[in-house]
Amino acid sequence: MKGFGYFINPVKRRPVLIVILGIFMFLYCYIEYSFIMPIVFGLSVLKTGNIFDSVIHLIQIVLNYIPNISPAIFVYILLGIVAVSLIAGLLLSGSLNVLNSALINSDKEKGAFAKGIQKHYLKVSRITFLSIIYLILFTIFIVVVSVPAIVITSAAITEKPELMSVAYVLDFITVLILFFCIMFFKIYIFFWYPAAINYDKQLFARGKRAADNSFWRILLKFLWYDILIFVFQMGLFYINNILSRNESVVAEFTGIVVLLFLNWIFKTVILISIISYVFSKFLSYWNRSRTVEN
């Protein structure tokens, strides 16, 4: 499969995929339209353009708030992560099993969604829980690594232009480190899931082995998807910024069509394409490995 085929082929074989994942993505896009878009519009960065001061201020708020979090709040957060993992486990174990069966066998399999929940629910829920925990820790790592570059760049722009050359070098090194860290993290987490659907033991090791086999090609593919999503999302933020200043009925209708429904269609296609690509790569590697072993 190539290009758009990662969306077309599995959906053509299992049309229920677009229904299941489409419902999930619609809920996400509705949250984005109703809550995230208004928050983004209200951020000072969109009004002043001073992104570095805004980021530093946000980091300071977060770092000052964390030590004041009581043990009870940590418990509630942990319980919330457990609840999200269990709910996501229901959706992912069923839908990923449907996708996996579509890539393995073109013939329709009855009850693939229910079988997926029955066989893989606990594994997928556990992986999702660990992924969320790792994501939180990884986000903290990114914030800590980014602070020096943000502070020096902000100072070079506003107060000390003689630091600009140092800021350029530090920014380049920081961006390079973060880029590869994010790519490694994202790729290994994604490849963890097909391992859970196809195996019962050594799940992370099997997913990592499949990803490592063609890591740089996978990285370029993920980068292409990231660019598509980033450009589309920035376009949505720009449109939202314009429409939010206009209170007419036409602007409201356009916002619903573009920011909700067009966003929903685009991200559903991208979501299925990415998952299909990951599962295809995983299955292709392990099918070749079995052939060599036999």
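- No donor-acceptor pair under 3.5 Å is formed between the side chain of N100 and the backbone N or O of L96.
- The shortest side-chain heavy-atom distance between F138 and C181 falls under the 4.5 Å cut-off.
- Between the side chains of T153 and Y168, no donor-acceptor pair of N or O atoms lies under 3.5 Å.
- Here the options are L176, D171, V169, the test is side-chain contact (heavy atoms from CB on, under 4.5 Å), and the partner is I173; only V169 passes.
- Criterion: ILVMFWY side-chain heavy atoms under 4.5 Å apart, direct or through other members. Under it, I150 and V175 are not part of a common hydrophobic cluster.
- Judged by distance alone, with hydrogens and angles left aside, the side-chain atoms of H120 form a donor-acceptor pair with the main-chain N or O of I197 at under 3.5 Å.
- A donor-acceptor contact closer than 3.5 angstrom is absent between the side chains of N97 and Y121.
- Using a 3.5 Å distance cut-off with no hydrogens or angles, the side chains of K267 and Q233 do pair a donor with an acceptor.
- Taken to the nearest 0.5 Å, the CZ atom of F266 stands 10.5 Å off from the OG1 atom of T268.
- Atoms OG and CG, on S93 and L122 in that order, are 9.0 Å from each other to the nearest 0.5 Å.
- E32 is listed as a side-chain neighbour of L236, based on a closest heavy-atom distance under 4.5 Å.
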field: Candidate pair W224 and L220, rule side-chain contact (heavy atoms from CB on, under 4.5 Å), full reasoning
entry: CA-CA 6 Å; W224 168 242; L220 291 175; over 6 Å; no
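- The shortest side-chain heavy-atom distance between F7 and S276 does not fall under the 4.5 Å cut-off.
- F232 has its side chain within reach of N263: a pair of non-hydrogen atoms, C-beta onward, lies under 4.5 Å apart.
- The minimum heavy-atom distance linking S125 with G89 is given by the pair OG-CA, 3.4 Å.
- Interatomic distance, I77 CD1 to F74 CZ, rounded to the nearest 0.5 Å: 6.0 Å.
- Atom SG of residue C29 and atom CZ of residue F24 lie 9.5 Å apart, to the nearest 0.5 angstrom.
- In this structure, I218 CD1 and D212 CG are separated by 8.5 Å, a value rounded to the nearest 0.5 Å.
- Pairing each heavy atom of S131 with each of Y193, the nearest pair is OG-OH, 4.0 Å.
- By the 6.0 Å and 45° rule, K186 does not stack over the aromatic ring of F222.
- Y33 places none of its side-chain heavy atoms less than 4.5 Å from the side chain of W264.
- In this structure the side chain of F129 never reaches within 4.5 angstrom of the side chain of V124, judged on heavy atoms.
- Screening L137, L135, I142 against T139 for a side-chain contact (heavy atoms from CB on, under 4.5 Å) leaves a single residue, L135.
- Here the shortest heavy-atom pairing between S284 and R288 reads OG-NH1, 2.8 Å.
- Atom CG of residue L130 and atom CG of residue L203 lie 10.5 Å apart, to the nearest 0.5 angstrom.
- V151 is not connected to V166 by any chain of hydrophobic side-chain contacts under 4.5 Å among Ile, Leu, Val, Met, Phe, Trp and Tyr, and they are in different clusters.
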message: Under the criterion side-chain contact (heavy atoms from CB on, under 4.5 Å), I'd like the reasoning laid out for N9 against L103: C-alpha separation, chi angles, the key distance, then a yes or no.
response: CA-CA 8 Å; N9 290 347; L103 297 174; 6.0 Å; no
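- Under the 30°/60° scheme for interplanar angles, the aromatic rings of F184 and F180 are found to be tilted.
- The aromatic rings of Y134 and W192 lie parallel to each other, their planes meeting at an angle below 30°, with 60° marking the opposite boundary.
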message: Let's go through Y225 and I270 carefully: what are the C-alpha distance in whole Å and the side-chain angles of both, what is the deciding distance for side-chain contact (heavy atoms from CB on, under 4.5 Å) to 0.1 Å, and is it a yes or a no?
response: CA-CA 8 Å; Y225 283 128; I270 287 292; 4.1 Å; yes
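- Hydrophobic clustering of Ile, Leu, Val, Met, Phe, Trp and Tyr side chains at less than 4.5 Å, counting indirect connections, keeps V75 apart from I133.
- Here the side chain of R14 pairs no donor or acceptor atom with the backbone of L99 at under 3.5 angstrom.
- Residue I275 is grouped with residue I23 when hydrophobic side chains (ILVMFWY) are merged at heavy-atom distances under 4.5 angstrom, including chains of intermediate members.
- Taking every heavy atom of both residues into account, V269 and S273 meet most closely at O-OG, 2.7 Å.
- Put simply, the side chain of S85 reaches to within 4.5 Å of the side chain of I132, judged on heavy atoms.
- What you find for Y277 and R217 is that their closest heavy atoms are OH-O, 3.9 Å.
- Neither L79 nor I87 shares a network with the other; the hydrophobic side chains, linked directly or stepwise wherever heavy atoms of I, L, V, M, F, W or Y lie under 4.5 Å apart, form separate groups for each.
- Closest of all the heavy-atom pairs between V98 and L17 is CG1-CG, 3.9 Å.
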task: Assess whether side-chain contact (heavy atoms from CB on, under 4.5 Å) is satisfied between F261 and F26, documenting all intermediate values.
output: CA-CA 8 Å; F261 288 102; F26 181 81; 4.1 Å; yes
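- For the pair F179/L219, a side-chain contact is recorded, criterion being any heavy-atom separation below 4.5 Å from C-beta on.
- Within the hydrophobic cluster formed by Ile, Leu, Val, Met, Phe, Trp and Tyr side chains joined at under 4.5 Å, directly or through other members, I31 is accompanied by F35.
- Looking at R206, its side chain never comes within 3.5 Å of a backbone N or O of F282 through a donor-acceptor pair.
- Remark: the backbone N or O of Y199 is paired with a side-chain donor or acceptor of K123 at under 3.5 angstrom.
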